[in-house]
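To find a chain, count down the sequence lines: A is the first, B the second, and so on, and within it residues start at 1. Side-chain atoms are counted along with the backbone in the values below, which use heavy atoms only and exclude waters and symmetry mates.
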Amino acid sequence: MTKLTKSLKLSLVAAGLFSATASAASVAIVNATLHTSTKQGVLEGASVVIEDGKIVAINPASIDADTTIDAKGQIVTAGFIGTMNQLGLVEVGAVAGSRDGGDDKAGIDFDPSLAFNPRSSLIPYARKGGITQDVIVPNGGDSIFAGLASVVDLSGSFESVNKKQVALVVHLGEKSKGSRAMSMKTLIDKLEGEKSAKKDDKKEPSTEQKVLAAVLSGDMPLIASVQRASDIYELVKLKEAYGINLVIHGADDAVVVADALAKADVPVIISSMANLPGSFDSLHANLANAGKLEKAGVKVIIGVAGDSSHNVYQLRFDAGNAVSYGMSQQGALSAVTSNIADVFGLNSGAIAKGKRANLVMWSADPFELNSHVSKMWINGEEVSTEARQDKLRDRYTTDSAMPRAYTK
Amino acid sequence: MQKFAPSLLVMALGVALAGCQDNGPQDPKVSINKNPYPSTYQPLASQSTLITNATVLTGTGERLDDADVFFVDGKVQQVGKDLAVQADKTIDAQGKWVTPGIIDVHSHLGAYPTPSVASHQDGNEMTSPVTAEVWVEHSVWPQDPGFNRAREGGITSLQILPGSANLIGGRGVTLKNIPSHTMQGMKFPEAPYGLKMACGENPKRVYGRKGVLPSTRMGNMAGYRTAWIDATEYKREWDKYESDYAAGKNPAAPHRDIKLDTLAGVLEGDILIHNHCYKAEEMAMMIDLGKEFGYHSGTFHHGVEAYKIADLLAQNGNCAALWPDWWGFKMEAYDMVQENVAIVDAVKNSCAVVHSDSDTTIQRLNQEAGKVMYRANDVGYDISEQHAIKWITSNAAKSLGIDDKTGSLEAGKQADVVIWNQNPFSVYAKAEQVFIDGAKVYDRNDDKYQAQSDFMLGQK
């Protein structure tokens, strides 16, 4: 309970700061093709009005806004949401001093959002892919527990950590040394230990205890990174035994136990591009898996595989490939917007009244290679998609009599 | 003293022999078998095939709408409209696109296969900074499931390279992407060998940790130069042997060194350089290094900063094999621009190639090329599909020295052909049928033509 009060306070503080920085001016986007990520589906020739960082109206009878933007039929979606990466926690992968996503001593209470850098060069680049928010996760250390995930937006603001400690990440499955059974036992022991612990009201619980309590109460999702079907199945049983809010990440073999996942209402975060048997845990990786899981009734989130911190901008292409191999367009859009918002309790990821105004206007089909972001808004503010990469390109493609270093 | 007598005798005899070797009757000439692991590749049985009504990107820069492609006996015979030919098989490709087979100049399939368990890590001989003696073809596991996945993406030829831990990592090999249970069964007949070199962070990191040269970029350069000096000496010894023998003398053949065989093969122009090199200043130095020792510096792979020296690359005849968007994983990959390939390509006499270095993106080189085309066009370039396809077909073939055989749909070329269900530069595009030397090797709608690796058989 203490923890809940605390995070409530935190979010109130964040909200206060947020409304102070957001523009009070209202913007109407008219004549848009709205892909809402809600049951409303696609609304043609539609308008959306944003004010104070929120969506305040969709298709109002009359438009009354400070600024009106004619979308000229272009597609507008909710901002895409990245997951399972270290955006703002790493600058260059191989430069140790620029990495803050892990620590040998990381465990249940490791919260890397304390190190989040909203001015990382990765962030404007990610915006080029229509990413407006991201679930950053620790990559952990020696423990099976990597630590705590947080949600950030890509505004570049120093107040862009939207929500801290939204999930606990645990790494299970194959181990280079020892048995995966020991990892499962460690997880069970921790849950069991917290469950049976005598509560001492006088003593403030440790962060670890608070996290475990939140996991046990179902308030905090447990993201288990795991691939093999048998491991996923064990975890589904664990969910039933402890009532935890389980999310499976990786899940190359999830399709084998798709029905069990659907029945137990377990969302999966998968790469739609994984189709090689990277290990004996991943023998069923297949481009069709995202679509098959969708059809089985599993809530699917698409994440970028590999270095998804630098490559999260590719998320839209991964969604397109998922569609190409059998996922529905709507399902793929939800997989990069509303499903993530649902799982992490975010008031975003959809175009609906009252939602955070994270919106992207696209020159064409957002999943296609030939489209690009025309305009985007984060918390109701229009943001640039110019990145360092564009400055470099311009420097080397602009004629000058002086050395390139003088072209800025 | 007595103990030494016999060896003294041998020495004396040796001197005497050496003396008469120069003029006496010639011993059989020592020659090196340059192809001891020859290709046994045989094209699969094929029918004469006519593909009709397709949008054809020829790989030579041309686009033909509503056109036909005809191949016989494994060779392209005609490409054009309304071909009046008799074919065993006609495929109506209305609404579909046809391209040459896709070529990846940078792959580690088979050498770093999946499953990527420790016992499969056969791509980097990380025991010495110069391992020109290793040939990656000796590491290729033909059952790597990745070959089949790549074929489904239209890959018909690919170069397997050793990894980038070493200054000079060893020989690469070009393969036809055909299922086989031996490496030789995949080996592209008459393709030149490649030699993998690597600049920058990798060699200095790997050997710097061991406390041996190189631990710096200047150490890298010193290491290459030392190796090429050895190779120059070695080549001189063999050249002298050849000329003395030709002059009727009976010279002793130099002691054979398989490391220097490969480097001398580069100096002779038989083996092409494939140089992992990211940064502008390092590529410029590698060009000068080639000039110092009299070889061509070949293709730069991964050149994330190639756009900074696009003119230099074109002037010197270097291909640049590049990613559309990989970046940030190390310092030398920090200055990525999404238009890199297009900027390199825009210079006259350039040779821009899109490569993968990945067992996943090799399955989508069409999309990788598409990303570059569209990002560049967004900022004012005017790159067409018929041009962009060259980055993954004819330019790639040129980089590998096989452009006289494959990489374009022209009469006489090997019939390596892909039928796409739509414009291949769409995220929704899929290769439907793939032909290698005129034989169908993949059909998305017919599991008879969907190869499966031994490893995947019976996995549940």
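Side-chain atoms of B:Tyr428 and A:Asn321 form no donor-acceptor pair, as typed in the model, at a separation below 3.5 Å. Side-chain contact of A:Glu368 with B:Tyr374: a donor-acceptor pair under 3.5 Å is absent, judged by distance alone.
Between the CE atom of A:Met273 and the OG1 atom of B:Thr360 there is a distance of 7.5 Å, given to the nearest 0.5 Å.
Here the closest heavy-atom approach between residue A:Phe317 and residue B:Val427 is recorded as O-CG2, 3.6 Å.
Listed by first and then second residue, the salt bridge (charged side-chain N to carboxylate O under 4.0 Å, His left out) pairs that reach into residues 333-343 of chain B are A:Arg388-B:Asp335, A:Arg393-B:Glu339, B:Lys308-B:Asp335, sequence neighbours excluded.
With B:Ser116 contributing its side chain and A:Gly278 its backbone, the two residues share a donor-acceptor pair below 3.5 Å. A donor-acceptor distance shorter than 3.5 angstrom exists from the side chain of B:Lys430 to the backbone of A:Ser324, with no hydrogens or angles considered.
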Check: Where do A:His310 and B:Trp326 land on the side-chain contact (heavy atoms from CB on, under 4.5 Å) test, with the steps shown first?
Finding: CA-CA 8 Å; A:His310 291 87; B:Trp326 281 26; over 6 Å; no
Margin query: Test side-chain contact (heavy atoms from CB on, under 4.5 Å) on B:Phe329 and A:Asn311; report intermediate values, then the result.
Written below: CA-CA 10 Å; B:Phe329 44 95; A:Asn311 296 336; over 6 Å; no
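Shown here are the side-chain hydrogen bond (donor to acceptor under 3.5 Å, both in side chains) partners of B:Trp420, two or more places apart in sequence or in another chain: B:Thr99.
A centroid separation of less than 6.0 Å is found between the aromatic rings of A:Phe280 and B:Phe455.
A:Thr397 has its side chain within reach of B:Tyr381: a pair of non-hydrogen atoms, C-beta onward, lies under 4.5 Å apart.
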